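Each ligand, and each atom within it, is numbered from 1 in the order the structure gives. The chain is numbered in sequence order, starting from 1. What you are looking at is a predicted structure, and each value in this text was computed from that prediction instead of being measured.
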Amino acid sequence: MNIKHFLDQTFTESLSSLAGSDTPGIVKQAQRVEFGHYQANGVMGAAKKIKTNPRELAQQLISTLDPETFTTEVAGPGFINVHLRTSFIASELNKLREDALLGVVPVEQTKIVVDYSAPNLAKEMHVGHLRSTTIGDAIVRILEFLGQDVIRANHVGDWGAQFGSLLAYMDRQSQKGESLSTELKDLEKFYQAASALFKSDEEFAKTARGYVVHLQNGDPKCLELWQQFIDESIRHSQEVYEKFDITLTRDDIRAESAYNDDLPIVIQELGEMQGLLVESEGAKCVFFDEFKGKDDKPLPAIIQKSDGGYPYMATDLAAARYRTRVLNADKVLYVVGGEQLLHLRQVFAVAGAAGYIQDNQEFRHLPFGMVLKADGSRFKTRDGADVKLIDVLDEAINRAFALVSEKNPSLAESERQEIAKVVGIGAVKYAELSKNRTTDYIFDWDTMLSFEGNTAPYLQYAYTRIRSIFRRASVEALEGEIELVEEVEIRLGLKILQFPEAIESTLEDYQANVLCNYLYELSGVFNTFYEQCPVLALDNPTSRLLICELTSRVLKQGLSLLGITTVEQM
Ligand code: ARG
């Protein structure tokens, strides 16, 4: 059960019975002071409506409430302070033991497309893809946990001008007798060599431009080279996803090229919309008053370039159309960097005007900031190149291995390696997710791998602490009930019950840091409990063991929603 919803409902019902059914419920105004202590506002509005004294109305309302569940008191001009009773908290915890969803109530199922990761396949995945991939994957995991029908959309860039040089270079190397599969092992190098040639060698550049046109006209030889390149590149990105424990599979890829056949249809449909398409300098554009460029000049959304080519915008319109018309999405979330804000605003505006998005369908951009180095500069290698994502992940695992070996040298090497993967990958993801998504964040190895503070290792360690209690307790099945006595025990119980609220608030603005903070607080309360409340030393440890078990379940579940796993010891 979601405690906040329960309170909202109880108070609304009582208030409407006293002041009429259209009384603005306390619901939205019930504000949490701290968990377990709520403050209900709304009586004042109702009292005004039925012209009565608010404190009196509050008093009346209180008398209708179940005294077994909470204690209440009128405060100020007519607020109600609400405290959950310890016995109520304990009985809710006992119910939770049977609940696989840990109190979370599934929502009405809708179809949600989440557009995330989406690297351009001309290059290897780099650190710039960290955010979209991590945030997007956490969002899909949470939505699926709530029972939503989620479609992962990996809108990879596999089409466009940069493939001209790549194909020309592939062709040239294979004519030189080089083995392409060896050449493509390092996509980044391959891409750099091709673009260097494009800049320095006019003849090559001409061939490359020709290849783009051939490719777009469906020339079989070009398509074959292109396919070979794309396959290799997708293999690379899948390797990254696997290492990074990301749920995207090949089946989730719907690449830009998948929309090729839809592009002329988009043009036709936009053209048929009176006045939507305008020719400007040979290009087909849509102009809206709300989009202004420099000097207040109208800013076009270019749908087809003067040479007949289709830009990024066109593919995105076709994708929007596909998502609502073919996939029947109720909601589409774009986990895409803040620098594409204007682009996506234009896409949504044009798609809306074209009827691709209906009123009951929601399109939403979830932007994020950049990943920076400790000195605030952009995350690049010494020579200014993008840092490969796979290298970041390997370094995370290596660093975690060193830490684990230092902390626990007696563990077998294979075990330490297993833990290093979980800790290293968890640390990178958590560092990302625990920050407000819209701001830039500083990528710092020492902070993210620290066992202190709001980090993955801290949470993972709290989990292993609980598991170690169970190893020592060697109990089979726990029979009995939770009873709450000590203050910190009650606080821990309350925190556990707060899980559904944490999930709900996380989805309000798709901010994973809300869930991170919750898990951090939960671990903090647990650690205090662990220090203050003996468990195994008690004659009957059942109740405390049950509390420990629930805590570990919430921690493990919460972390798994963030895409982070746990180990039994570290
Ligand atoms: N491939 C694009 C890039 O790397 C991101 C695509 C995001 N999704 C979208 N539907 N535009 O910038």
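Of all protein heavy atoms, the one lying nearest to atom 6 (C) of ligand 1 is Tyr312 OH, 3.2 Å. At the top of the distance list for atom 8 (N) of ligand 1, counting protein heavy atoms only, stands Asp115 OD1, 3.2 Å.
A salt bridge links Glu124 and Lys388; the closest N-O separation between the charged side-chain nitrogens and carboxylate oxygens is under 4.0 Å. Ion pairing between a basic and an acidic side chain is recognised when a charged N comes within 4.0 Å of a carboxylate O; Glu202 and Lys206 show no such pairing.
Every atom of ligand 1 is numbered from 1 in the order shown, and the set under 4.0 Å from a heavy atom of Gln340 is 3 (C), 12 (O). Close approach of ligand 1 to Val336 (heavy-atom distance below 4.0 Å) involves ligand atoms 7 (C), 8 (N). The atoms of ligand 1 that sit less than 4.0 Å from any heavy atom of His155 are 8 (N), 9 (C), 10 (N).
On a distance-only criterion, His129 and ligand 1 share no N/O pair closer than 3.5 Å. The shortest N/O to N/O separation between Tyr334 and ligand 1 does not fall below 3.5 Å.
With sequence neighbours excluded, the residues satisfying side-chain contact (heavy atoms from CB on, under 4.5 Å) with Pro367 are Leu341, His365, Arg437.
Sorted by first and then second residue, the salt bridge (charged side-chain N to carboxylate O under 4.0 Å, His left out) pairs involving residues 145-173 (not counting sequence neighbours) are Glu144-Arg152, Asp171-Lys221, Arg172-Asp201.
Between the side chain of Ser560 and the backbone N or O of Gly563, no donor-acceptor pair lies under 3.5 Å.
Ring geometry for Phe363 against Tyr334 counts as tilted: the plane angle lies between 30° and 60°, on a 0 to 90° scale.
If you look at Leu344 next to ligand 1, there are no close heavy atoms at all, none under 4.0 Å.
Closest heavy-atom approach to atom 1 (N) of ligand 1 among the candidates Ser117, Ala118, Ala153: Ala118.
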